[in-house]
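Each ligand, and each atom within it, is numbered from 1 in the order the structure gives.
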Amino acid sequence: MVLSFGETPLANALLSAAQLDQPEDRLPLDLAFCPSCSLLQILETVPPERLFRHYYYFSSFSRTVLQQAKQVATRMIQTRNLGPESFVIEIGSNDGYLLQYYRRRGVPVLGVEPAVNVASVAEGERGVRTLCEFFGRELGQRLREQGGLADVFHANNVLAHVADLNGAVAGMRSVLKENGVAVIEVPYVKEMLDRCEFDTIYHEHLCYFSLTALDRLFVRHGLVIENVERLAIHGGSLRLFVAPEKSARRRPEVAALLEEEAVWGVDRLEAYQGFGGRVERVKVRLGELLRELVGQGSRLVAYGAAAKGATLLNYCGIGRDLIEFVVDHTTHKQGHYMPGVHLPIYPPGKLLETMPDYAILLAWNFIDEILEQAAEYRRRGGRFIIPIPEPRVLAR
Ligand code: JHZ
């Protein structure tokens with residue numbers, strides 16, 4: 001065991017006003033390390049049907065996410081010479097934020113997205129053909145039998161959510177062409193530890209990946225990590241290029257990062273043990289800072305009704321006694337309440353209407369984009385608090 005958050009509500013289980021006085025489920029959230037596969041993981045598996053059939057997270061609400069999606073699609077189309085004869089699959093394809101860029105260039109696509117409300121936006125608003133199902137061994141096999149083999153297979157921020165990881169990777173192997181490539185993005189565990197990004201831990205995220213753990217996973221299914229890139233998105237991610245064993249050529253970058261991980265002790269418990277203490281210190285310091293500001297008569301709110309915000313607010317005990325509301329520009333989240341702490345979610349315009357003194361940036365991973373949007377709030381004297389890795393008030 002590395003860290004225990006006790007019992008917490010589900011991070012994306014936003015509440016309607018009518019649900020506020022109904023009992024809310026709280027489930028254990030404990031982080032543990034497995035020395036035999038060197039995987040950091042939580043111990044509770046919430047049934048995926050419950051987490052993902054109706055979802056509040058729409059990838060297209062971030063400009064950064066869209067820019068990155070467009071770049072990677074353009075790059076894959078160019079480097080792989082993709083055209084009308086090619087085929088691209090994405091699992092966890094959300095609202096079609098990525099596949100739309102292939103589709104616009106005439107490359108046939110298929111999204112797989114279990115959230116009914118999100119898949120319907122992909123189909124209806126972006127014309128992205130989407131299977132509203134969970135991807136796994138069986139669906140991979142079925143697509144293969146139907147002849148739907150992929151030149152490119154994307155899985156962005158989805159592996160951590162999958163309970164049957166081996167099933168999903170076996171399914172991926174089934175649908176990949178022999179010369180196809182899977183492009184996989186995952187938040188990087190090393191960055192989570194180094195930058196104390198403890199709030200990215202919640203029930204949806206079952207695993208926190210190192211390259212070492214992923215390498216062991218793919219090898220088991222006849223797949224090889226050919227290349228790895230570091231991305232800044234979501235607090236620091238890895239982008240892997242994975243290919244079937246026979247066609248794969250491993251680049252030196254992979255061996256170099258595996259070596260780096262061996263040096264920091266990726267497969268030893270000691271590399272993870274100090275994390276719990278550092279997380280506890282953030283909780284204490286953030287609580288002290290907020291109480292001090294409120295004690296001085298300041299008014300506080302939060303920016304970004306992110307899932308990670310739910311972990312942070314609930315774990316740190318930041319509720320209505322300290323902050324007034326949360327703003328978020330996702331229209332689907334507005335009018336709802338954050339789980340556990342029951343803070344109401346409003347559109348960002350509420351910042352200028354009410355001019356609170358401080359806004360805690362819960363979506364710290366989009367700091368540049370959000371500061372740009374909130375330029376007027378800052379110009380009028382509003383200030384941001386960045387909670388991690390060390391709680392601090394941002395300079396004006
Ligand atoms: P954001 C999500 O986590 C969900 P979350 C998921 N579980 C996952 O794996 C990770 O991403 C990687 C809002 N916002 O992306 C939009 C603004 O209001 O950090 C979002 O509600 N204004 C699949 O939920 C929230 O902030 C803005 O300008 O922790 C950001 O949520 C921008 C850019 C965002 O992820």
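- For the side-chain hydrogen bond (donor to acceptor under 3.5 Å, both in side chains) with Asp95, the lone residue among Ser120, Ser59, Ser60 that qualifies is Ser60.
- Atom 25 (C) of ligand 1 has its nearest heavy-atom neighbour, among Leu51, Val65, Asp328, Asp199, in Asp328.
- Remark: ligand 1 and Ser62 share no N or O pair separated by less than 3.5 Å (distance only, no angle test).
- When the options Ile385, Leu394, Leu290 are evaluated for a side-chain contact (heavy atoms from CB on, under 4.5 Å) with Tyr358, the one that passes is Ile385.
- Judged by distance alone, the side chains of Gln68 and Tyr97 never bring a donor and an acceptor atom under 3.5 Å apart.
- Not a single heavy atom of Tyr56 lies less than 4.0 angstrom from ligand 1.
- The nearest heavy-atom contact from the protein to atom 5 (P) of ligand 1 is Ala307 N, 3.5 Å.
- The ring-ring contact (aromatic ring centres under 6.0 Å, His included) with Phe153 is formed by just one residue from the set Phe241, Phe87, Phe135; it is Phe135.
- What sits closest to atom 18 (O) of ligand 1 on the protein, heavy atoms only, is His329 N, 2.8 Å.
- Taking a cut-off of under 4.0 Å to the non-hydrogen atoms of Tyr303, the atoms of ligand 1 that pass are 17 (C), 18 (O), 22 (N).
- By the 6.0 Å and 45° rule, Lys283 stacks over the aromatic ring of Tyr315.
- Heavy atoms from other residues, nucleotides or ligands lying under 6.0 Å from CD of Glu376 number more than 12.
- The shortest contact between atom 28 (O) of ligand 1 and any protein heavy atom is with Gln373 NE2, 2.4 Å.
- Residue contacts with ligand 1 leave out Phe58, since none of its heavy atoms falls under 4.0 Å from the ligand.
- Closest to atom 15 (O) of ligand 1, if we only count protein heavy atoms, is Tyr57 OH, 2.9 Å.
- Taking 4.0 Å as the cut-off, Arg63 does not count as a neighbour of ligand 1 on heavy-atom distance.
- Within the 4.0 Å heavy-atom criterion, both parts of Lys308, backbone and side chain, lie near ligand 1.
- Side-chain contact annotation: His154 with Tyr102, donor-acceptor N/O pair under 3.5 Å present.
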query: Under the salt bridge (Lys or Arg N to Asp or Glu O under 4.0 Å) criterion, do Glu7 and Arg26 qualify, and how do the steps go?
result: CA-CA 5 Å; Glu7 301 209 328; Arg26 286 174 180 270; over 6 Å; no
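- Ligand 1 is approached by Tyr55 to a heavy-atom distance shorter than 4.0 Å.
- For atom 8 (C) of ligand 1, the closest non-hydrogen atom of the protein is His205 NE2, 3.5 Å.
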